[in-house]
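Report on the following structure.
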Amino acid sequence: MNDLSRLETKVSKSDLVSMSSLVWGTWRCLKQFNDTQSFARFLHELQILGVTTLDTADIYGGHGAEAFLGQALREMGTAANVFQIVSKGGIRTASDRFTHIETGHYDSSPAYIRRSVERSLRELGRQTLDLFLIHRPDYLMDASETGDALDNLINDGLAKSVGVSNFSTSQFNLLQSGMTNRLVTNQIEYSPLETMALDDGRLDQMQFVKLRPMCWSPLGAGRLFEPKGKQAIRVRFALERLSDKYDLSGIDAAAIVWTLRHPSRPVPVIGTGRIDRIGNVLRAVSKTIEHEDWYRILVASRGKDMA
Ligand SMILES: NC(=O)c1ccc[n+]([C@@H]2O[C@H](COP(=O)([O-])OP(=O)(O)OC[C@H]3O[C@@H](n4cnc5c(N)ncnc54)[C@H](OP(=O)(O)O)[C@@H]3O)[C@@H](O)[C@H]2O)c1
């Protein structure tokens with residue numbers, strides 16, 4: 001189970017290398033776009049910018065985001081084939097559509113994972129997902145059974161690759177031990193406002209097994225822009241200085257450049273519904289910052305020196 005070197009010999013059919021340098025997330029799409037036509041226009045512009053990987057999940061938008069995305073993609077016709085789709089499943093919550101759930105919970109049992117992926121594919125209008133992630137770790141997960149279920153998604157052509165989200169390092173290793181294919185990522189929260197993954201081993205693990213983490217809410221889910229509380233105010237100020245020093249045109253670009261500076265080469269999953277903001281961030285992704293400047297943001301985030 002802990003033989004990590006063994007994991008490196010397992011080769012998946014698809015890896016994060018085939019994804020765009022920024023991934024766009026659909027979590028907020030039902031609030032950002034009034035109809036599928038305007039959503040399709042946004043997706044078209046994303047494609048022009050080269051952001052061709054879309055992150056979604058069965059539960060987004062009260063279980064409505066995947067159908068909304070699927071319809072917008074259909075309206076784009078064959079142009080939509082350029083997009084890689086990452087979806088997640090395994091959280092069961094009540095919504096207008098699923099009223100029978102009394103207690104929200106995580107479920108990575110083989111039957112549920114399979115059902116969830118089949119439903120996502122139907123809603124998205126796709127034959128296969130480029131990447132399927134287990135959204136949250138299910139404490140009742142049987143690694144061998146869930147591992148088989150993930151392998152079968154690949155074997156049966158429902159997913160080209162599989163991974164996890166919000167898993168600890170031990171949960172990642174446990175699930176990997178029950179599989180033939182390689183998990184290709186752990187999608188985690190990581191930003192100048194959320195730096196826990198630096199200390200709890202999750203980013204170390206990604207480097208160790210030579211995988212790239214996907215990082216959700218890299219702009220602090222918008223908290224950088226309307227900072228409430230001392231941490232966000234300190235970080236915003238430090239990012240403004242960083243942006244000035246490196247001519248990054250804004251704290252959003254500065255936050256992304258800071259995130260990308262980690263040697264595990266995180267892939268940011270951003271959520272703005274404004275194409276100009278995505279263009280601004282993209283102009284900065286090839287830039288890098290000095291070692292000390294990276295620490296300046298970390299110190300601002302933690303509110304204490306690195307003594
Ligand atoms: N795996 C998981 O458990 C998990 C959890 C959460 C999210 N995710 C994924 O991560 C994606 C991104 O999450 P997120 O939306 O929280 O990411 P984010 O990029 O950190 O935050 C997006 C928010 O910041 C605002 N924003 C961005 N740039 C701005 C600017 N320059 N000025 C003012 N406001 C700005 C956006 O508003 P505007 O739209 O107005 O620009 C939006 O409300 C989600 O869509 C989802 O795919 C995954």
Side-chain angles (χ1 to χ4, degrees), residues 23-36 39 54-75 85-168 171-172 174-175 178-179 183 185-189 214 216-217 221 269 271 273:
V23 171
W24 186 76
T26 62
W27 183 26
R28 304 168 191 275
C29 68
L30 280 160
K31 292 197 176 120
Q32 289 165 324
F33 305 99
N34 292 329
D35 48 45
T36 50
F39 192 17
L54 307 175
D55 181 82
T56 189
D58 57 351
I59 55 163
Y60 287 171
H63 294 98
E66 287 189 324
F68 192 60
L69 173 62
Q71 183 54 31
L73 292 172
R74 274 188 280 278
E75 285 168 24
I85 302 205
V86 182
S87 187
K88 310 182 227 48
I91 301 180
R92 304 186 74 170
T93 52
S95 68
D96 291 347
R97 254 179 98 183
F98 296 99
T99 48
H100 60 286
I101 305 283
E102 285 182 18
T103 303
H105 58 280
Y106 305 152
D107 186 351
S108 52
S109 61
Y112 184 70
I113 291 294
R114 185 74 175 205
R115 224 168 51 235
S116 162
V117 171
E118 287 173 348
R119 189 171 55 226
S120 292
L121 288 171
R122 261 196 319 275
E123 314 255 297
L124 292 162
R126 292 256 166 154
Q127 302 292 320
T128 184
L129 293 173
D130 292 276
L131 173 59
F132 172 74
L133 307 177
I134 295 190
H135 205 153
R136 294 258 170 196
D138 171 9
Y139 302 113
L140 299 180
M141 174 183 81
D142 178 310
S144 167
E145 289 179 1
T146 301
D148 276 350
L150 293 181
D151 280 335
N152 287 337
L153 291 179
I154 295 178
N155 297 340
D156 298 343
L158 274 63
K160 291 182 186 164
S161 60
V162 294
V164 294
S165 181
N166 305 302
F167 270 43
S168 69
Q171 289 161 342
F172 185 98
L174 175 64
L175 180 55
M179 296 175 59
L183 294 168
T185 194
N186 190 5
Q187 187 180 116
I188 57 175
E189 185 178 12
M214 296 176 78
W216 56 266
S217 296
V269 187

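Only a predicted model underlies this, so the values are computations on that prediction, with no experimental measurement involved.
- Identified under the side chain to side chain donor-acceptor pair (under 3.5 Å) test for residues 139-154, with sequence neighbours left out: Asp151-Thr180, Asp151-Asn181.
- Minimum heavy-atom separation, Ser165 to Pro137: O-CD, 4.0 Å.
- Of the possible polar contacts, one joining the Asn186 side chain to the Phe167 backbone as a donor-acceptor pair under 3.5 Å is found.
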### Message
side-chain contact (heavy atoms from CB on, under 4.5 Å), that's the test. Do Val162 and Met179 meet it? Break it down for me.
### Response
CA-CA 11 Å; Val162 294; Met179 296 175 59; 3.6 Å; yes

### Task
Could you please spell out the steps behind the side-chain contact (heavy atoms from CB on, under 4.5 Å) verdict for Arg126 and Ile85?
CA-CA 9 Å; Arg126 292 256 166 154; Ile85 302 205; 4.0 Å; yes

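- A donor-acceptor contact shorter than 3.5 Å is absent between the side chain of Thr26 and the backbone of Cys29.
- When all heavy atoms are compared, the tightest approach of Asp130 to Ser161 is O-OG, 2.8 Å.
- The OG atom of Ser87 lies 6.0 Å from the CG atom of Leu124; values are rounded to the nearest 0.5 Å.
- Here the CZ-NE2 distance, from Arg92 to His63, works out to 9.0 Å after rounding to the nearest 0.5 Å.
- What you find for Asp58 and Ile91 is that their closest heavy atoms are OD2-O, 4.4 Å.
- For the pair Thr128 (side chain) and Gly157 (backbone), a donor-acceptor distance under 3.5 Å is present.
- For the ring pair (Phe, Tyr, Trp, His ring centres under 6.0 Å) test, residues two or more places apart in sequence or in another chain that qualify with Phe68 are Phe39.
- The two residues Asp107 and Tyr112 have their closest heavy-atom pair at O-CD2, 3.3 Å.
- For the atom pair OG (Ser108) and CG (Leu175), the distance works out to 7.5 Å, reported to the nearest 0.5 Å.
- Rounding to the nearest 0.5 angstrom, the gap separating the CD atom in Gln127 from the CG atom in Leu158 is 9.0 Å.
- The nearest pair of heavy atoms linking Gln32 to Trp24 is OE1-CZ2, 3.7 Å.
- With contacts defined as side-chain heavy-atom distances shorter than 4.5 Å, the pair Val117/Leu153 qualifies.
- Summarising the geometry of Arg74 relative to Glu123, their closest heavy-atom pair is NH2-O, 3.7 Å, with the distance given to 0.1 Å.
- By the 4.5 Å heavy-atom criterion applied to side chains, Val86 and Leu129 are not counted as neighbours.
- Distance check, rounded to the nearest 0.5 Å: OG of Ser116 to CZ of Phe132 gives 5.0 Å.
- The closest side-chain donor-acceptor pair between Trp27 and Asp55, if any, does not fall under 3.5 angstrom.
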### Task
Take Trp216 and Asn166 through the side-chain contact (heavy atoms from CB on, under 4.5 Å) test and state the conclusion after the steps.
CA-CA 10 Å; Trp216 56 266; Asn166 305 302; 3.0 Å; yes

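- Ile59 is listed as a side-chain neighbour of His135, based on a closest heavy-atom distance under 4.5 Å.
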### Query
Given Thr56 and Lys88, is the side-chain contact (heavy atoms from CB on, under 4.5 Å) satisfied, shown in steps?
CA-CA 7 Å; Thr56 189; Lys88 310 182 227 48; 5.9 Å; no

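- Looking only at atom types and distance, the side chain of Ser217 has no donor-acceptor partner in the side chain of Glu189 under 3.5 Å away.
- Under the 4.5 Å side-chain criterion, counting only non-hydrogen atoms from C-beta, Arg114 is in contact with Asp156.
- Separating the CZ atom in Arg136 from the CD1 atom in Ile134 is a distance of 13.5 Å, to the nearest 0.5 Å.
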